[in-house]
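In the text below, chain A, chain B and the rest are named by the order of the sequence lines, each starting its count at 1.
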Amino acid sequence: MDQKVDYKSTLNLPDTPFPMRGDLAKREPNWVAEWQQRKLYEKIREKSKGRPKFILHDGPPYANAAIHIGHAVNKILKDVVVKSKQLAGYDAVYVPGWDCHGMPIEIFVEKNHGKNLPPEKLMSLARAHAESQVELQKADFIRLGVLGDWDHPYKTMNFATEAAEIRALGGILGRGYIYRGLKPVNWCFDCQSALAEAEVEYEDKTSITIDVGFPIVDDGERDKLAKAFGLTNLPDGPTFAVIWTTTPWTIPANQALNVHPEFDYALVATSRGHLVLAKERVDECLKTYNLEGKVVAIAKGLALERIAFRHPFYDRVSPVFLGEYVTLDTGTGIVHSSPAYGVDDFNSCKRYGMTNDEILNPVMGNGQYASTLPLFGGLNIWKAQPEIVKTIEAAGALFQTSNFKHSYPHCWRHKTPTVFRTTAQWFIGMDLKAKDEDKTLRELALAAIDATNFYPAWGKARLHSMIAHRPDWCISRQRKWGTPIPFFLHKETGELHPRTAELLEQVAQRVEKEGIEVWQRITVEELLGAEAAHYDKINDTLDVWLDSGATFRTVMAATPALAKPSNDGKPAQADLYLEGSDQHRGWFHSSLLVSCALDGRAPYESLLTHGFTVDAQGRKMSKSLGNTVVPQKISDTLGAEILRLWAGLTDYSGELSISDEILKRVVESYRRIRNTLRFLLANTADFDATKDALPVEDWLEIDRYALLLTTELQKKVLDHYEKFEFQPGMQAIQNFCSEDLGGFYLDILKDRLYTTGTQSRSRRAAQSALHHILQSLTKLIAPVLSFTAEEIWATISPSGPDGPESVFLHQYHALPPIRDAEMLGARYTRLKAIRSIATATIEGAREQKLVGSSLQAEIDLAVGEADMKLLQSFGDDLKFLFITSAATVSAGATHEPVVLVKPSTHSKCERCWHYRADVGSNTEHPTICGRCVSNLFGEGEKRFYA
RNA sequence: UGCCGCUUAGCUCAGGAGUAGAGCAGUCGGUUGAUAACCGACAGGCCGCUGGUGCGAAUCCAGCAGCGGCGACCA
């Protein structure tokens with residue numbers, strides 16, 4: 001053996017086709033395509049038959065425009081939940097859905113094809129547009145690695161769903177919750193429709209404010225006013241009740257003035273006559289009016305009741321009504337009341353006996369004054385405001401005008417200011433009781449909230465207070481692209497047709513076949529025959545929030561895959577609804593009300609909420625700030641896997657911040673996890689668990705300890721997953737890879753894996769442990785790092801005739817039990833403490849250039865009695881634990897171990913790199929040590945601990 | 001304006017009355033048999049601010065600030 005021997009080739013070095021770099025952006029689309037081609041979702045369903053179902057019912061995104069980061073977060077979290085439940089042994093079904101009716105699509109169609117299209121034309125264009133948007137978003141969702149029944153998603157515009165919604169409407173009506181009422185409702189002039197609470201958002205708006213004087217009507221009223229102020233006569237000259245408003249456009253509809261019964265009102269003498277103002281507001285008002293004034297008399301608001309003033313420019317009387325809602329914060333303490341355009345105004349006027357017919361409503365649905373309105377007919381109300389101010393001024397009634405910035409309701413679709421407008425609408429009454437219920441709908445909903453689990457817990461208080469305070473739900477819309485409210489009203493009485501339930505079913509059957517468009521074609525005669533002459537057909541549509549709010553019934557209960565067995569005759573609840581926190585007033589809310597109206601309980605057992613995405617500074621994402629992060633771009637550069645890991649590593653209960661730096665950190669985390677898994681793969685490449693695995697009892701001690709750490713990790717992570725806490729789970733995995741594996745077990749293990757006999761017990765024991773760790777970790781990361789887990793799985797279990805196997809067809813790994821867990825934990829906890837002292841000391845020696853690699857060092861550990869016993873118990877294997885060439889133990893003077901490091905004086909074994917006295921002891925192999933000779937040609941070294 | 005939540009190292013997050021923690025990033029070094037990887041050491045924090053109760057507060061209490069959310073009839 002004179003020739004140089006290639007000992008390196010005798011080592012068992014890592015070997016794997018699994019690349020170090022994921023090349024995610026490029027390779028992910030292949031996985032996605034493969035999942036689709038192999039019908040993975042269906043295979044999982046097949047395999048899970050008979051297991052308990054876990055239903056995460058998808059909240060339908062609105063079918064409009066490409067997805068943004070918020071959509072991505074939501075879908076990824078849903079996917080992580082579903083997969084974690086699937087791996088936990090459930091049949092975790094996921095049927096994605098889309099919200100397809102409603103304004104944005106209708107607006108889109110109007111923009112592109114013009115207004116005033118024939119209804120059926122509009123609807124077919126809307127349907128086609130919605131369909132295209134569903135496809136667009138679907139592709140983006142699939143690209144994120146989300147598994148679901150993408151071939152059979154639900155759409156609220158499916159004929160069957162539309163029909164089911166009409167039946168649900170019938171159900172709610174049948175239970176007695178629906179009524180028609182004349183009320184002020186939120187109104188958007190751009191929608192030309194009523195809006196629900198959830199469709200209104202507050203934005204800053206600058207309004208024109210005016211202070212307007214309403215002159216006292218006549219001598220009779222002057223006397224009453226004098227009396228109210230305890231005067232015998234009202235002083236001569238003009239007398240005004242002065243009001244302040246931020247909505248001059250409501251002045252033409254003014255029909256009353258409101259004062260607070262308890263407040264003091266002053267009669268103030270000024271150069272412009274006598275003014276009635278709240279006493280507390282006098283000084284400030286006079287200042288703004290630039291007037292000197294003197295309080296002549298004081299009266300309680302109560303005394304002013306029903307005294308009549310005159311409208312500033314119309315020949316009309318405006319009486320004083322009492323209102324508790326009047327405040328003294330701003331204004332004059334007197335509020336002008338236009339019952340058609342304010343909730344309080346409406347209520348107080350009704351209380352004073354005003355009939356519906358008496359309420360003036362000169363503003364049309366499009367925001368213009370009716371042509372019949374004197375002075376301003378045909379004008380847009382916002383544009384008319386300066387004119388109104390001028391008119392008031394010309395009438396000598398204007399005391400002040402200025403601009404005022406305040407928070408004001410806006411349409412969340414159009415972003416334009418909304419108003420309250422009194423119209424006849426259909427409502428679901430919050431405080432109504434069904435015939436067989438002793439609780440009101442509101443009470444039912446509150447009780448249902450109590451019975452629901454919230455993640456995080458504060459969601460409960462939030463939804464509770466919303467439901468407790470919300471007004472009745474206005475469910476009718478004056479639009480076309482929506483589920484019709486197919487009612488017939490009696491022309492004289494305004495009553496619903498007595499056979500409404502039956503008629504609804506007839507319409508539902510038609511809709512089931514022809515879609516909601518059919519309502520446009522159905523004539524009154526067709527359904528009512530001879531009665532037709534007495535009935536009007538309603539053309540309102542339903543609020544889209546009812547579409548999505550009813551999906552637990554129209555979709556979940558109607559889709560066999562989503563239906564869980566029910567034990568009480570009512571459809572089973574979903575296990576979970578998971579949406580952004582804005583859905584407390586959206587889908588969580590509407591679903592709760594519809595479900596309580598129909599079934600008297602919530603449609604879900606648990607609610608999970610996540611926050612919104614913000615940038616690194618915590619600012620909201622907005623196009624104008626230029627801080628938006630586009631999911632498609634991340635998928636195409638870093639890979640969707642990075643976005644998934646970002647979601648998994650972020651505490652989603654608050655805001656989720658994302659930025660380039662944050663993503664960079666996520667990429668680092670990804671590499672760490674990926675490379676650890678790669679090492680496990682590479683060192684078990686020649687290991688066939690079915691043939692080579694050793695029972696735990698035959699492993700070396702440190703292998704059992706590694707198994708113990710893995711068992712603890714898996715338990716911890718699964719406990720977190722159970723509570724939908726992915727961030728701490730993923731962080732634990734990351735730490736496990738760095739600390740327990742990279743920094744300890746794997747580092748120590750390399751010598752044994754590489755140098756001992758390929759099939760030796762020592763090596764097979766290590767591989768047995770690595771096998772279990774790999775199995776466990778791969779499945780633990782799979783919910784979040786789905787692509788990577790699948791790639792690992794394909795490496796572990798190569799393709800069968802059916803293509804590569806999927807990790808998602810499996811469950812979390814069942815780790816073998818460990819008998820001596822407690823003892824192992826104690827031993828190695830102390831060992832690691834001693835080890836960190838040793839590594840620090842070796843580092844010191846390295847700095848002094850005494851040693852380079854730790855294998856150049858020999859250490860002596862001077863320790864106390866207990867530690868001595870511990871360390872000696874490792875016998876000859878002790879050095880392996882410290883990755884030194886030798887490790888001895890001696891009695892130390894102190895309790896704390898003292899480590900002595902010296903460079904080895906022996907030669908370095910060419911093969912195992914240990915410095916040993918027996919290098920060259922075998923003359924046939926002069927450059928390697930006795931240990932290597934034995935491992936290569938003899939019985940192999942005996943190891944028991946490491 | 002009211003209520004709720006958050007505020008700990010450059011980043012993501014733990015901890016929760018008793019001498020500040022992890023991972024990643026940074027710096028330095030080792031290794032070159034996980035190599036665009038791996039190992040080690042080091043450095044880095046008035047634990048948002050101000051008070052209070054404790055022997056002792058990042059931790060409990062009060063107030064304030066910033067950020068976020070929700071609510072609000074400002075006619």
Summarise protein proximity over nucleotides 8-13 of chain B in one line of letters, 5' to 3': B for base, S for sugar-phosphate only, - for none, counting protein heavy atoms closer than 4.0 Å.
-> --BSBS

Nearest-Å distance, NZ (A/Lys716) to P (B/A14)?
->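 To the nearest whole Å, that distance equals 13 Å.
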
Sugar-phosphate only, base, or nothing, as touched by A/Val343 at under 4.0 Å among non-hydrogen atoms =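 If one applies the 4.0 Å heavy-atom cut-off, A/Val343 turns out to touch nothing in the nucleic acid.
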
Which atom of A/Tyr915 lies closest to which atom of A/Ser885, heavy atoms considered = N-OG, 2.7 Å

With heavy atoms under 4.0 Å as the rule, sort A/Thr327 into base, sugar-phosphate or nothing.
->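 It contacts base atoms.
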
Measure from CD on A/Gln734 to P on B/A14 and round the result to the nearest Å.
-> 13 Å

Has A/Thr246 got a side-chain N or O lying under 4.0 Å from the OP1 or OP2 atom of B/C74?
->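 It does not, given that no N or O in the side chain of A/Thr246 lies less than 4.0 Å from OP1 or OP2 of B/C74.
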
Any idea how A/His914 and A/Phe880 line up, ring-wise: parallel (<30°), tilted (30 to 60°), or perpendicular (>60°)?
-> perpendicular

Would you call A/Asp345-A/Lys350 a salt bridge at under 4.0 Å N-O?
-> no

Are any of the side-chain heavy atoms of A/Trp913 and A/Thr755 separated by less than 4.5 Å?
->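 Side-chain contact under 4.5 Å: no.
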
Ionic contact status for A/Asp751 with A/Arg931, cut-off 4.0 Å | yes

Answer whether the closest heavy-atom distance between the side chains of A/Tyr408 and A/Val419 falls below 4.5 Å.
->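 Of all side-chain heavy-atom pairs linking A/Val419 with A/Tyr408, at least one is under 4.5 Å.
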
Would you call A/Val320 and A/Phe309 a side-chain contact if the rule is heavy atoms closer than 4.5 Å?
->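 Touching, per the 4.5 Å side-chain cut-off.
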
Quick one: do A/Glu843 and A/Arg846 make a salt bridge, cutoff under 4.0 Å?
->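 Yes, charged N to carboxylate O under 4.0 Å.
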
4.5 Å side-chain heavy-atom contact, A/Trp646 and A/Leu638 = no

Looking across every strand, which nucleic acid part, if any, lies under 4.0 Å from A/Ser669 by heavy atom: base, sugar-phosphate, or nothing?
-> nothing

Which part of the nucleic acid does A/Trp244 contact within heavy-atom distance under 4.0 Å: base, sugar-phosphate only, or nothing?
->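 Result for A/Trp244 = base.
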
If only side-chain N and O atoms of A/Tyr408 are considered, is one of them under 4.0 Å from the OP1 or OP2 phosphate oxygen of B/C74?
-> no

RNA chain B in dot-bracket, Watson-Crick or G-U pairs under 3.5 Å, [ ] crossing, | other strand?
-> .((((((..((((....[..)))).(((((.......))))).....(((((..]....))))))))))).....

Look at A/Lys664 together with A/Asp660 and state whether they make a salt bridge at an N to O cut-off of under 4.0 Å.
->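 Salt bridge: no.
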
Given atom CG of A/Leu463 and atom C1' of B/G69, what is their separation to the nearest angstrom?
-> 15 Å

Report yes or no: is the cationic atom of A/Lys723 (NZ for Lys, CZ for Arg) under 6.0 Å from the centre of the six-membered ring of A/Tyr455, at an angle within 45° of the ring normal?
->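 Negative - A/Lys723 is either too far from the ring of A/Tyr455 or too far off its axis.
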
Rounded P spacing from B/G40 to B/C46 in Å | 28 Å

In whole angstrom, give the distance that lies between atom CD1 of A/Ile883 and atom P of B/G30.
->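 Those two atoms, CD1 and P, are 17 Å apart.
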
At under 4.0 Å between heavy atoms, which parts of nucleotides 36-43 of chain B does protein reach? Answer with one letter per nucleotide, 5' to 3': B base, S sugar-phosphate only, - none.
-> BSSSBS--

Heavy atoms, side chains only, cut-off 4.5 Å: are A/Ile658 and A/Leu663 in contact?
-> yes

Just call it for A/Gly852: base, sugar-phosphate, or nothing, with non-hydrogen atoms closer than 4.0 Å on any strand.
->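 Since only primed, P, OP1 and OP2 atoms lie under 4.0 Å of A/Gly852, the category is sugar-phosphate.
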
